[in-house]
Structure formats: structure tokens, C-alpha cells
2 protein chains.
Amino acid sequence: MLEKTTRMNYLYDFYQSLLTPKQRSYMSLYYLDDFSLGEIAEEYEVSRQAVFDNIKRTEAMLEEYEKKLLLFRKFQDRKVILENMKKALETNSVEELAKLIEALEILE
Amino acid sequence: MLEKTTRMNYLYDFYQSLLTPKQRSYMSLYYLDDFSLGEIAEEYEVSRQAVFDNIKRTEAMLEEYEKKLLLFRKFQDRKVILENMKKALETNSVEELAKLIEALEILE
């Protein structure tokens, strides 16, 4: 569950600009501010079920965007390469650095 | 006009997965294969105007996605940093490389 929350936080971060204001509000209260479904329902004067359905649909949309654009996956890949770059820099491994720069270029 | 074509090629490359199959066909024939509006209209047995309208709408959608997700802009920014990394590597500028790695991390 924690893993799903982390993933949703990232996907929300990458794709929130593609959501409607209502979707953004519910997702941000639920995932970032840790509100319960009941608390969000009360805040917006709608049923708990309506909030639940909206969030489930939004989660599916975020996964769909990720399937199409892979922004989270590429971010993770770049992060690994950047960490390896720092290590290569510490040990002054010029060849390794050249390879890692190339790996970043290919990733685009 | 050439500049617009190049930009549209890039935007299409980044966001084509978010388009419908028909949008993808028209855009790819028009921008990648250099078909005229008339040739596409003939190919799909629709009016030239219909093809024109569809392509204009798709172009606007691509610009809208770019405004929201900035994939092309970030790609260009990363490209500049990667070029500078190669130069820094050639001159063995360790400090400069460290700065550039940091610049890439911030860009995410």
C-alpha cells in the first residue's frame, strides 16, 4: 500500500497538469495531505462513493498516461544514471562518464 | 515554415501516443512523409478541408500538451547540458561536470 501511495504521488506529480481541477483537488487531498475518503466527501459535500469513484478513475488515467508517455519510468532510469555519474566522477573514471552521457542521450 | 515543421515533428514525436489513430495517420503523412493536404484527402476519401481541420486541431492539441508537460523544452534543456558535459569531459573539468550533473537533477 505504501508502494502504491509512492507511485501515485509520482504519477500525480508528472501528470497533474492533464487532470481537471476537481481531480487534482481530490488526489492532492487523498495522496498528499492524507485525508480520508469521508473527510474529502464532507469537504466537498458529496457522497463518499462519489469521491472513491473519482479517485479510482483518476488513478487509472494516471496509469494510462504513464503507459503512453513513460515519464516516471524514464525519470527513474535517469536517476540511476545520474547516481552512477556521481560515482564515476568521484573515482575520475572518464571512460565510464562518457558511456553514461551516451546512455542519457539514448534514453530520450 | 521550416521551423514550424521541425517543431511539429518534435511535438509529434513526444506526444503521438496521446493522439487517435486517425490524427496520427494524417500528421505522419503531412509532417513526416511530406504529403500535401490534397493527397491525404484522396488517400482517405475525405475532403481537403476535413484533412486541414483535423491537422490544425491536432497541432493545437500538441501545443496544449507541450504547454502542460514541457517534454520538448526539457529535452532541449537536457541536450544543451549533455553537450556541455562532453566538453567538460574533454577538458577534464571535474567541477564543471559536478555542476552539470546537478543541473540535470534539478531539471526533473
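First the proteins, then the strands, lettered A, B, ... as listed; each starts at 1. Because only heavy atoms are used, hydrogens play no part in the values below, and waters and symmetry mates are left out as well, while side chains stay in.
Side chains of A:Glu105 and B:Arg78 form no contact here, defined as non-hydrogen atoms less than 4.5 Å apart. Counting heavy atoms from C-beta on, the side chains of A:Glu102 and B:Lys86 never come closer than 4.5 Å.
Across B:Leu82 and A:Ile101, no two heavy atoms sit closer than the pair CD2-CG2, 4.0 Å. Closest of all the heavy-atom pairs between B:Ser17 and A:Leu69 is OG-CD2, 3.6 Å.
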Yes or no on side chain to side chain contact (heavy atoms under 4.5 Å, CB included) for A:Lys68 and B:Gln16, after CA distance, side-chain angles and deciding distance?
-> CA-CA 9 Å; A:Lys68 289 176 174 169; B:Gln16 57 174 291; over 6 Å; no

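Criterion: ILVMFWY side-chain heavy atoms under 4.5 Å apart, direct or through other members. Under it, B:Tyr12 and B:Phe75 are part of a common hydrophobic cluster. A single hydrophobic cluster is not seen to contain both A:Val80 and A:Tyr10; linkage of ILVMFWY side chains at heavy-atom distances under 4.5 Å, directly or through other members, places them apart. Criterion: ILVMFWY side-chain heavy atoms under 4.5 Å apart, direct or through other members. Under it, A:Tyr65 and A:Leu70 are not part of a common hydrophobic cluster. Residues B:Leu71 and A:Leu107 fall into different hydrophobic clusters, defined by Ile, Leu, Val, Met, Phe, Trp and Tyr side chains chained together at heavy-atom separations under 4.5 Å.
Here B:Leu18 is the residue among B:Asp13, B:Leu18, B:Leu97 with the most heavy-atom pairs under 4.5 Å with chain A.
Residue B:Glu83 touches chain A through its side chain alone, counting heavy-atom pairs closer than 4.5 Å. Interface remark: B:Asn92 contributes side-chain atoms only to the contact with chain A (heavy atom separation under 4.5 Å).
Counted within 6.0 Å of CG on A:Asp33, heavy atoms from surrounding residues, nucleotides or ligands total more than 12; the atom is thus considered enclosed. For CD of B:Gln76, the number of neighbouring non-hydrogen atoms (other residues, nucleotides, ligands) closer than 6.0 Å is greater than 12.
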